[in-house]
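Throughout, protein chains are lettered first and strands after them, A, B, ... in sequence-line order, and every chain is numbered starting at 1. All values reported here derive from a predicted model rather than from experimental measurement.
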Amino acid sequence: MSDDKRIVNYIKKARRMVVRNRMIDHMLFGIIVGSLVATILVIISLLTPIVDARIYALVIFMVGPLSGFIFALVSAPGLKRAALILDSKGFKERVSTAYELKGKNDRFAKLVKEDALATLKKTKLKTLFSYKVDTKRVVIALAMMMVLMGVSFVKTPAVAEAENIKLTQVDAKKKAAELKKLEKEIDENDKLTAEQKKDIEESIKAARNELKSAKNEEELKKAEERVVKKLEQKMKEYAKNDQAEAAKSLADMAVDLNNKLTDEEKEELKKELKDIAEGKDDEAKELEKDISDAKDQGTELSEEQLKELSEKLKKAAENMDSSELSEAAKNLGNGNVNPEDLDGAMKALKKAQGSKKASDMENALNNANKNPGGNGKNGNNNSGGNQNNGNNNGNGQGNGNGQGNGNGNGNGQGNGQGNGNGNGNGNGNGNGQGNGNGNGKGQGNGNSQGGGGKGGGWNTGSKNGKETSDNNNGDYVTIPDDKVYDSGNLKGQDTGGESYNTAGGPAVTWSGNKKNYKQVIGDYEKEAYERINNAEIPADMQEYVKDYFNELR
Amino acid sequence: MENNEFKQMAEKIRACEAEIGKAIIGQKDVIRQVMLAILADGNVLLEGVPGLGKTELVKAISRALSLTFSRIQFTPDLMPADVTGTNLIVKENDKNVFQFEAGPVFANLVLADEINRATPKTQSALLEAMQEKTVTVGKTTYELPKPFMVLATQNPIEQEGTYPLPEAQLDRFLFKLNVEFPTKAELKEIMDITVTNRKTELTPVITGDEIIEMRTAIRDMPVSEAVMDYALSLVVATHSELADAPEISKKYITTGASPRAAQAIVKTAKARALMEGRFNVAFEDISYVALPALRHRILSNFEAMSDGVTNDAIIAEIMKETKAI
């Protein structure tokens, strides 16, 4: 090995040791600085909620020594510099001069190199560059770490709050991810138009931001509900548009049909459809009654009665083209009068009735198509069924008024209140209240409440919106049932936020039984008194309840 | 030249120092610095109060080095010809011809005692000798013997009737050495030598030829970049006009050191490395020679004088601020 190479090897060796020592020093310094900064962060997080403060503190703490490590590597001296560092250990610039004379072979170059090597040989580099522990620095680093660990375990309300925020954020993140998935699904949905997709995606994007900005569980819940409502409303809106288009084409067809049918045919078709709609089938009803009577009589049924019933069933089986009914008639004809046979006969009859009704409906429609001019009237007037509902998807509440006159179909959406006047039902999709006066009913899908009183509609329009409480101030209370009444007025209520109105189509109204307000109060009062009597309730509390009802009267 | 030869040189120089030390008590640094100047082929200005053995030092060096020695006492009426020599009319073969009569400057070692007492005209008579190692009389230039060296002395306290050396002449001195008052122990030793019959005999250790050989060898000694950079940084730092000059330079220095200062530092640093038995110049060599090489080459301002800041203090501060690495 040449002198040059040997000198370079010595320099490299020295450099490694220098880097190692610097690394230890810098890492120790990094620990001190990292611990200090992390401790300050943790202390601040004890006073004010900082999400993941401890994780950040840990990262900062780890970044300290890591930076020291990296810095030591990056700032590793070059060979020339390392030679000078080596010289500073008492070699009096022999090494750096020899390194600079690398490749030269004049007499002085040789002498310098030999002299440098001879001096280096006499010295142990390991001893020369042995790491000297800086006790003061080590003690400070240990102390800082202890302090950091100490403050990290302190629990304060701010820490608890930060933990809650963190949980909320995690939930929000999950929900945002779900929205992302939904966004993808929407994107792949062929049924939606590009415009609709864009609209929904924008809504989802806004919703995601809203979820992310939620600061606590309550806000997150509200935001989530808002998101769901918004998307539901969007989807319903699109579905409604589709329905409206379908209804329009049907209406066109009906007008066309009406023009083509004669008055007679119209009457006939009307009657036929009415019968089908009302399930009117005298023969079946009569038979149903007979079977029911036979069941009641049981074994007391005479042979003659059995035969008569069997005949009726047979006839009905023929009319309805039901093999099951035919079988039941056969069994009764055989004189078997057990309850199972009668139940079987009843089931067969019902089934046959169902099939017949469907068939009749089909026939009626076929006839109508075949015979223009034979259309029956619906009897329900759609012309007055106009409803405007407020739909509030933004911040605050929207105004929406919906009125339904006569019988009509109409869907309304709105956050707020819906008022139904007269005999009508307003169906409000959305959130809000529905008031029905008289025999009207306002019904809100979702969080709406229908009835003579204002429903407590929870505002999903905005986090800034206000929620109205339930308030009974109507004269009547309507009880929903399946009957159809005249339409009523639906009225939305402004709750002061970003809103847009959607004109509803023909309102679908739902009837309700009218009950006198006093009757309702009376019923409640009666029930309350019964409970008071049947339960161990302090006397003064009993009086309290009684006073309450007295005041209501 | 092999390693052993350099070692022998270093030993001889050290032996010479020891020999001089027999006659001069204390003043080890002055002796060492004079030796460095001899090896670096330079002239030395010794400054000190009377009676500190400046003249004796020069005499001792001449004896230890086996060199010819002459002493010129500079007085206000001393003429240049008294230094350099003159042409005399002599009869030669019955003809009157001019013959050059060499002055006291024609010696290996010339002691210009109290040089600041002579007029500038006479002082300048030494300029050519110091720089070119020649003397021109009439139209003839005479080479001075080799090695040639001027050792001048001056008294810093008696300023009346003196002619301070001009800057140009000061710059020609490689070193300006301050001869300090000896310690009590050294003084006692001086008494033992001077007030008794004890004679100090000095043996020549180095010949003139050997000195020339050493000078030649030293010139080839390598200087690493970092060391050279340090030497130059020190010189540059004395220039207050430069933007990155140290504050003290800006405050107190009017004129910085000339390039001759850098030459002086590097040359003498090499000589010191040889004396230390090394074949390369170290930072410590530069530091050692910087002060005597720079102190007479910077011109301080009135503010420095009024603040009582000496050139030595300024240079010490510059050296402190200029990092070797």
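Side-chain contact check for B/M275 versus B/L39: some heavy-atom pair is nearer than 4.5 Å.
Checked for salt-bridge contact, B/K133 and B/D41 meet the test: a charged N lies under 4.0 Å from a carboxylate O. In this structure, B/D171 pairs ionically with B/R260, as a charged nitrogen and a carboxylate oxygen lie closer than 4.0 Å.
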>> Using side chain to side chain donor-acceptor pair (under 3.5 Å), reason through B/N311 and B/Y252 one step at a time and then give a plain yes or no.
In response: CA-CA 9 Å; B/N311 284 5; B/Y252 294 127; over 6 Å; no
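Proximity to chain B among residues 70-86 of chain A is limited to A/K80, A/R81, A/L84, judged by heavy-atom separations below 4.5 angstrom.
Here the side chain of B/N280 pairs a donor or acceptor atom with the backbone of A/K92 at under 3.5 angstrom.
Put simply, CD1 on B/I218 and OG1 on B/T268 are 10.0 Å apart, with the number rounded to the nearest 0.5 Å.
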